[in-house]
Amino acid sequence: MANENTVTSSEISNNLHGGDDAIMSEDGKKALTSSTISSDVEENKGDSFMFIDIPGWYCEYNPLWPGESHSLKIENVLFEGKTQHADVLVFQSSAYGKVLVLDGSLQLTELDEFAYQEMLTHLPLCSIPNPKKVLVIGGGDGGILREISRHSSVEGIDICDIDAMVIDIYKHFFPDIAIGYNDPRVTLFVGDGIEFLNSVVQGTYDAIILDAFHMMGPAAKELGDKVFLESVANALRPGGVLCAPAESLWFENFNIEEIKAECRQIFKGSVDYAWTTVPTYPSGLIGFILCSTNGPPVDFRHPSTIIDDGNEYHGVAKGPLKFYNSEVTFPI
């Protein structure tokens, strides 16, 4: 159930088919133009990402990964515009299906999103028996909701994301991912995730999944991150679990043991690290940090709940799992 701030489908339609700078192709989709793909190198405002613009290609350079850039060939630009919070680009690529970019940072592609969404969701939910109440911070594309829906024990799924229009863009262009919103157990709150967490009664959730938090890495030493994670721990029941994206093993300055030690101080329970392959992420690998609060012991390396291809219950998802199974975990 969306709150009153949700942008309507007609407003999305106006953005898709209107606007002074919209140039439409014959099929009604925004066409690729020289203004969309310029020959300049343009730094994105307020972000460390940069576009190295080559006609006909989307090229992303992240200064955290010097000396490399990931490029995708653009077949057609489907949407380009601004929301209240972000610049949004959606395009059809020749190799990865539809792609969504926020503020110059690639968010997901149709080809490889499942590897990230399934691991981020099932690693924590399968680590505890019968999770009932789950919170997602971020995750506006709905893919995590789709994966949570596979768990029949779950009674309530809260999601807090800051940008209602981005959610509706996902629903319009990525319906098989945003299908997670069709689960009647889902309640959508549009707003700031930190403010939402601060309003939560202590011990409310069995599991919290973060998809809006920047990668756990060197920056996690900042006080603001520590305070935020303390709010997450407070919202979890004893023995409750958190899963958040963490940096790649290949990231030079990422010290896994240091991050795990810091998380143990905050969550007081088990802490572990896992990873999966995502071709469109720098290095092709993305990590996950898993934490449990003080309470019933949690062994992330040995799932207590089995959910795999043999499970006939798929929730609102259209088919079985594509990547995760009870034997596919990659702890260090």
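Computed from a predicted model, the values in this text were never measured in an experiment.
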For a 4.5 angstrom cut-off between non-hydrogen side-chain atoms, does [X] reach [Y]?
X: N325; Y: L321; value: no
X: C59; Y: Y61; value: no
X: I148; Y: I209; value: yes
X: D158; Y: F189; value: yes
X: L72; Y: Y96; value: yes
X: I157; Y: L145; value: yes
X: I177; Y: Q117; value: yes
X: F79; Y: V88; value: yes

Do the side chain of [X] and the main chain of [Y] share a donor and acceptor less than 3.5 angstrom apart?
X: E118; Y: K322; result: yes
X: R264; Y: S270; result: no
X: E110; Y: K98; result: yes
X: T204; Y: V200; result: no
X: T293; Y: G239; result: yes
X: R146; Y: A178; result: no
X: T276; Y: M119; result: no
X: D112; Y: T280; result: yes
X: D103; Y: A86; result: no
X: S69; Y: E60; result: yes

Closest non-hydrogen atom pair, [X] against [Y]:
X: K260; Y: I289; answer: CG-CD1, 4.0 Å
X: E230; Y: K226; answer: OE2-NZ, 2.7 Å
X: L236; Y: V241; answer: CD2-O, 3.4 Å
X: I208; Y: L210; answer: CG2-CD2, 3.9 Å
X: I179; Y: V316; answer: CD1-O, 3.1 Å
X: L285; Y: L249; answer: CD2-N, 3.6 Å

Taking only residues two or more places apart in sequence, or in another chain, which ones meet D206 in a salt bridge (charged side-chain N to carboxylate O under 4.0 Å, His left out)?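 Once residues adjacent in sequence are excluded, the partners of D206 under the salt bridge (charged side-chain N to carboxylate O under 4.0 Å, His left out) criterion are R237.
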
Go through the steps to decide whether D161 and I167 satisfy the test side-chain contact (heavy atoms from CB on, under 4.5 Å), and finish with yes or no. CA-CA 8 Å; D161 193 280; I167 292 172; 4.0 Å; yes

Stepwise, does the side-chain contact (heavy atoms from CB on, under 4.5 Å) test hold for L89 with F91? CA-CA 7 Å; L89 171 66; F91 65 89; 3.9 Å; yes

Do K171's NZ or CZ and the ring of Y181 fall within the cation-pi criteria of under 6.0 Å and 45°?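 Geometry flag: set, cation within 6.0 Å and 45°.
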
Before you tell me yes or no, could you show the steps for V99 and L106 under side-chain contact (heavy atoms from CB on, under 4.5 Å), namely the whole-Å CA-CA distance, both residues' side-chain angles and the distance that decides it to 0.1 Å? CA-CA 8 Å; V99 179; L106 191 150; 3.8 Å; yes

Before giving the answer on side-chain contact (heavy atoms from CB on, under 4.5 Å), spell out for L78 and N76 the whole-Å C-alpha distance, their side-chain angles and the decisive distance to 0.1 Å. CA-CA 6 Å; L78 306 176; N76 194 18; 4.0 Å; yes

Do the side chains of V278 and L120 join up, straight or via other hydrophobic residues, at under 4.5 Å, putting them in one cluster?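 In one cluster: yes.
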
Listed partners of Q107 passing side chain to side chain contact (heavy atoms under 4.5 Å, CB included), at least two apart: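 Q107: side chain to side chain contact (heavy atoms under 4.5 Å, CB included) contacts with L100, L102, S105, Y170.
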
Whether R185 and D183 form a salt bridge (side-chain N of Lys/Arg under 4.0 Å from carboxylate O of Asp/Glu) is what I want to check.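 A salt bridge links D183 with R185.
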
Candidates T121, D211, T277 - the one meeting side chain to side chain donor-acceptor pair (under 3.5 Å) with Y116: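 So the option named by the test is D211.
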
Could you list the donor-acceptor pairs under 3.5 angstrom formed by side chains in residues 124-135, with sequence neighbours left out?
from : atom 1 : to   : atom 2 : distance (Å)
S127 : OG     : P124 : O      : 2.6

Could you check, using the six-membered ring where one of them is a Trp, whether Y273 and F288 have ring centers closer than 6.0 angstrom?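 No: the rings miss the under 6.0 Å criterion.
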
According to the interplanar angle, ranging from 0 to 90°, do the rings of Y324 and H122 count as parallel (below 30°), tilted (30 to 60°) or perpendicular (above 60°)?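 Aromatic pair Y324/H122 classed tilted.
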
